[in-house]
Amino acid sequence: MCAALAASFYDRRTERVARDLLGAILRCETPEGVASGRIVETEAYLGEHDAACHAAAGRTARTEVLYGEPGTAYVYFTYGMHWCANAVTRRAGLPSAVLIRALEPLDGVELMARRRPKARDRRDLANGPAKLSAALGITGELNGLPLRRSRLTIHRGLTIPAREIGVTPRIGITSATDWPLRFVWTESDFLSRRYGVGR
DNA sequence: TCGAAGATTGTCT
DNA sequence: GACAATCTTCGAG
């Protein structure tokens with residue numbers, strides 16, 4: 001297992017971090033065991049001027065973590081039942097983050113399958129932001145923890161060639177829907193939506 | 001204190 | 001392809 005990515009990795013332009021996270025390994029330890037997967041899809045959320053970013057509402061109890069240190073986990077609850085995992089980027093005062101949207105399951109596949117009984121196959125285990133959170137056991141307990149040293153970590157993995165990285169508008173939002181801030185590894189079979197197909 | 005909306009998923013038609 | 005499930009968050013009253 002390679003070392004966890006340093007805090008400086010996250011302290012750069014958010015689009016850059018989102019792109020560079022493709023190929024990296026997201027890993028979560030729980031009492032039930034360890035589960036991990038390769039990141040194949042991300043989205044960038046750019047701060048208060050990005051209407052689709054939670055921080056567009058300003059600094060609140062919920063968005064407080066976004067104003068914190070780069071490399072911090074931002075985990076939020078949505079639609080009354082789903083958790084979504086993000087990595088905070090840039091410096092304090094610029095509340096931006098990268099949403100992890102899909103993983104290729106690596107370690108702990110059986111554990112993930114138990115947590116996702118409805119998944120039909122390995123591909124269906126973590127090909128969506130709420131699916132991967134369920135598969136890895138990510139919950140609000142992890143909100144605000146450092147991604148370098150906690151139960152939830154991100155490690156260096158494959159380096160994806162630029163020609164295999166695709167950029168599309170973000171999914172599932174109602175504001176700023178035309179901003180090209182979703183990054184995918186086009187060669188992966190584990191995306192939430194197939195590359196080249198509209199949202 | 002109340003109401004509306006939400007970075008989704010799974011099921012049904 | 002359409003829609004229900006389900007509850008936190010936040011702004012308005």
Side-chain angles (χ1 to χ4, degrees), chain A residues 10 13-15 17-19 21-22 26 28 35 37 39-68 70 72-90 94-105 112-144 147 152 154 166-185 190-195 197-199:
Chain A
Y10 303 95
R13 282 173 54 86
T14 303
E15 303 94 312
V17 177
R19 174 186 290 258
L21 277 176
L22 295 179
L26 181 65
C28 188
I39 297 170
V40 297
E41 177 176 343
T42 61
E43 282 180 3
Y45 286 84
L46 299 184
E48 295 177 357
H49 63 287
D50 177 356
C53 183
H54 288 167
R59 191 163 185 160
T60 66
R62 183 200 213 187
T63 62
E64 187 61 33
V65 171
L66 292 173
Y67 291 79
T72 300
Y74 171 49
V75 182
Y76 67 86
F77 194 63
T78 190
Y79 290 104
M81 62 192 93
H82 299 306
W83 294 101
C84 293
N86 301 245
V88 175
T89 60
R90 308 188 86 179
L94 293 171
S96 46
V98 173
L99 170 69
I100 313 296
R101 282 197 61 90
L103 299 178
E104 172 187 348
M112 290 190 232
R114 281 204 298 279
R115 287 167 170 158
R116 298 245 327 116
K118 304 211 172 140
R120 301 180 180 187
D121 52 28
R122 180 161 164 262
R123 183 182 307 195
D124 198 33
L125 239 32
N127 62 340
K131 292 181 184 178
L132 72 89
S133 294
L136 295 198
I138 296 171
T139 69
E141 294 176 18
L142 302 174
N143 189 42
L147 288 169
L152 185 65
I154 300 180
V167 184
T168 78
R170 293 172 293 186
I171 290 174
I173 55 174
T174 55
S175 310
T177 53
D178 55 343
W179 293 14
L181 292 174
R182 171 174 173 249
F183 298 88
V184 301
W185 181 19
F190 298 87
L191 304 178
S192 67
R193 303 272 208 287
R194 197 172 301 174
Y195 178 64
V197 177
R199 56 186 299 270

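Letters A, B, ... are given to chains in the order of the sequence lines, protein chains preceding strands, and every chain is numbered from 1.
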Could you tell me whether A:Arg120 contacts a base, only the sugar-phosphate backbone, or nothing, with contacts defined as non-hydrogen atoms closer than 4.0 Å?
-> nothing
What is the nucleic acid contact for A:Ala52, judged by heavy atoms within less than 4.0 Å: base, sugar-phosphate only, or nothing?
->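 A:Ala52: base contact, heavy atoms under 4.0 Å.
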First locate atom [atom1] of [X], then atom [atom2] of [Y], and finally report the distance between them rounded to the nearest 0.5 Å.
{"X": "A:Thr63", "Y": "A:His54", "atom1": "OG1", "atom2": "NE2", "result": "9.5 Å"}
{"X": "A:Leu147", "Y": "A:Ile154", "atom1": "CG", "atom2": "CD1", "result": "4.5 Å"}
{"X": "A:Thr42", "Y": "A:Leu21", "atom1": "OG1", "atom2": "CG", "result": "6.5 Å"}
{"X": "A:Tyr67", "Y": "A:Glu48", "atom1": "OH", "atom2": "CD", "result": "3.5 Å"}
{"X": "A:Thr89", "Y": "A:Leu94", "atom1": "OG1", "atom2": "CG", "result": "8.5 Å"}

Report yes or no: does [X] contribute a side-chain atom to a donor-acceptor pair with the main-chain N or O of [Y] at less than 3.5 Å?
{"X": "A:Thr139", "Y": "A:Trp83", "answer": "no"}
{"X": "A:Arg116", "Y": "A:Leu125", "answer": "yes"}
{"X": "A:Arg182", "Y": "A:Glu41", "answer": "no"}

Under the salt bridge (Lys or Arg N to Asp or Glu O under 4.0 Å) rule, what do A:Asp124 and A:Lys131 come out as? Steps first, then yes or no, please.
-> CA-CA 8 Å; A:Asp124 198 33; A:Lys131 292 181 184 178; 3.1 Å; yes
If each of A:Ala130 and A:Ser175 is mapped to the nucleotide of DNA chain B with the nearest heavy atom, which maps nearer the 5' terminus, i.e. the 5' end?
-> A:Ser175
Which sits closer to the 5' end of DNA chain B, A:Gly128 or A:Thr174, going by the nucleotide each is nearest to?
->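 Result of the comparison: A:Thr174.
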5' to 3' contact window, DNA chain B with chain A (heavy-atom distance under 4.0 Å) = B:dG6 to B:dT11
Stems formed with participation of DNA chain C [Watson-Crick or G-U wobble, under 3.5 Å, three or more pairs] |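 The stems that DNA chain C takes part in, listed by first number, are B:1-6 with C:7-12, B:8-12 with C:1-5.
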Within the sub-3.5 Å range, which N or O atoms of nucleotides 7-9 of chain C have a protein N or O partner, and how far apart are they?
none

Which one of A:Arg101, A:Arg170, A:Arg19 satisfies the salt bridge (Lys or Arg N to Asp or Glu O under 4.0 Å) criterion with A:Glu43?
->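 Among the candidates, only A:Arg101 passes.
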